[in-house]
2 protein chains.
Amino acid sequence: MTENDDRLAGELALATVRFARHLRGRRRDSLVSLTQLSALNALANDGPLTPGQLAARERVQPPSMTRVIASLADLGLVRRAPHPTDGRQVIVSLSEQGEQVITGEAAAREAWLRGKLDDLAPEQRATLAEAVDILNGLIAAEEKQA
Amino acid sequence: MTENDDRLAGELALATVRFARHLRGRRRDSLVSLTQLSALNALANDGPLTPGQLAARERVQPPSMTRVIASLADLGLVRRAPHPTDGRQVIVSLSEQGEQVITGEAAAREAWLRGKLDDLAPEQRATLAEAVDILNGLIAAEEKQA
DNA sequence: TATTGTTATACTCTATAACTATA
DNA sequence: TATAGTTATAGAGTATAACAATA
């Protein structure tokens, strides 16, 4: 099966990158970018986190996350508070506006993709849902090793 | 089914972007980036193309493709030749080295992903393969409209 | 005038290296 | 000395606007 794996690996990589490019392009006029939305999403799922934890969750380096957090703070979507006992650390949490973005606006704004998904057959949607789980699993498995 | 679609759209978008980030990171020490590989791939599949055609295939704006082509030409992976009848146009084609990248090196280099796919159940690989087709279909459908 | 491609410029996302403050 | 976070800097990838050459 190695030959098929080779082909699947290549096709999956190219399709993913092409699709991600498309999605980013579609959000140009959106309030938050996908990178920002992804960080907000982590805070919504896991509650307040330190920048270091956020960077680990999102699998970026700490300086990259510092920038994302700064941009979100500028937009008023997250707050930074000092850690109660460790003066080095910072607690990042969603603001009310940030929560609104997560709960309401974000989903509604993915309009293009939603429309496309609507046109698919139910089995195709199910396939994509499974694929999402598999992809997330591949990345999660990575975490354990590293 | 709209509620599920909302959720699927969001999750698919985040998973795609996260996975693409991961893939790009993995190729840091590679000869060509995924963006470059994607363009090489288009030339391998479709034969020589003009920059405009390549930009359309890859769904980027012409100036973006100009840069990609320039970087590939610097690496000696593509050649630029004048169009035989239209002096405005340029024909971009794979060099021998470019073909080697496509046929051999590229697939072998996706080692991380290949290993991961190898660990999956056959049904999961099949799911991913279907998902690739669906995603490419979504983008292709876009083309007809635009 | 319209089209093709490029140049100029800028913004986002990401990284590594160096620094600051705290433990 | 080690850790958490930030700042400084750089590079890739994308875009829009303006330009040149050709049709």
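Values reported hereafter were calculated over all heavy atoms of this structure, with side chains retained and with hydrogens, waters and symmetry mates removed. Residue numbering restarts at 1 for every chain, and letters A, B, ... go by the order of the sequence lines.
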- Hey, could you give me the CD/CG distance between A:E58 and A:N41, rounded to the nearest 0.5 Å? 8.0 Å
- Roughly, in whole Å, what's the span from CD in B:Q89 to P in D:dA20? 21 Å
- Measure the distance from CZ on A:R24 to C1' on D:dA15 and round it to the nearest whole Å. 14 Å
- Any chance you could measure B:S33, atom OG, to B:L23, atom CG, to the nearest 0.5 Å? 12.0 Å
- When the distance from CD of A:Q61 to P of D:dA4 is rounded to whole Å, what number comes out? 14 Å
- Query: B:L34 has an atom CG; how far is it from atom P of D:dT14, in whole Å?
  - Reply: 10 Å
- Task: Could you tell me whether the phosphate oxygens of C:dG5, OP1 or OP2, come under 4.0 Å of any side-chain nitrogen or oxygen in B:T66?
- Result: no
- Query: Roughly how many Å is it from CD in A:E58 to C1' in C:dC13, rounded to a whole number?
  - Reply: 13 Å
- Query: Base, sugar-phosphate, or nothing for B:S64, non-hydrogen atoms under 4.0 angstrom?
  - Reply: base
- Are any of A:T50's side-chain N or O atoms less than 4.0 Å away from OP1 or OP2 of D:dG5? yes
- Message: Measuring from the side chain of B:V60 (C-beta onward, heavy atoms only), which nucleotide among D:dA15, D:dA4, D:dA23 has the closest atom?
- Response: D:dA15
- Between A:R79 and A:E96, is there a side-chain N and carboxylate O pair less than 4.0 Å apart? yes
- On DNA chain D, nearest-nucleotide positions of A:Q53 versus B:G87: which is more 5'? A:Q53
- Message: Does a side-chain N or O of B:T35 approach OP1 or OP2 of D:dT14 to a distance below 4.0 Å, or not?
- Response: yes
- Message: Heavy atoms only, 4.0 Å cut-off, all strands: where does B:T85 land among base, sugar-phosphate and nothing?
- Response: sugar-phosphate
- Given D:dA12, is OP1 or OP2 found less than 4.0 Å from the side-chain N or O atoms of B:S33? no
- Note on the structure: Atom CZ of A:R67 and atom P of D:dA4 are separated, to the nearest Å, by 22 Å
- Note on the structure: To the nearest angstrom, the CG-P distance between A:D86 and C:dA23 comes to 5 Å
- Message: Does A:P51 reach a base, just sugar-phosphate, or nothing at all? Heavy atoms under 4.0 Å.
- Response: sugar-phosphate
- Task: Rounded off to whole Å, could you give me the CZ-to-P distance for the A:R21 and C:dC11 pair?
- Result: 22 Å
- Query: Is any side-chain heavy atom of A:V92 closer than 4.5 Å to a side-chain heavy atom of A:Q53?
  - Reply: no
- With nearest nucleotides of DNA chain C determined for B:I91 and A:Q36 from heavy-atom distances, which residue corresponds to the more 5′ nucleotide? B:I91
- Does A:R80 put a side-chain nitrogen or oxygen below 4.0 Å from OP1 or OP2 of D:dT6? yes
- Message: Using 0.5 Å steps for rounding, measure from the CD atom of A:Q124 to the CG atom of B:L135.
- Response: 10.5 Å
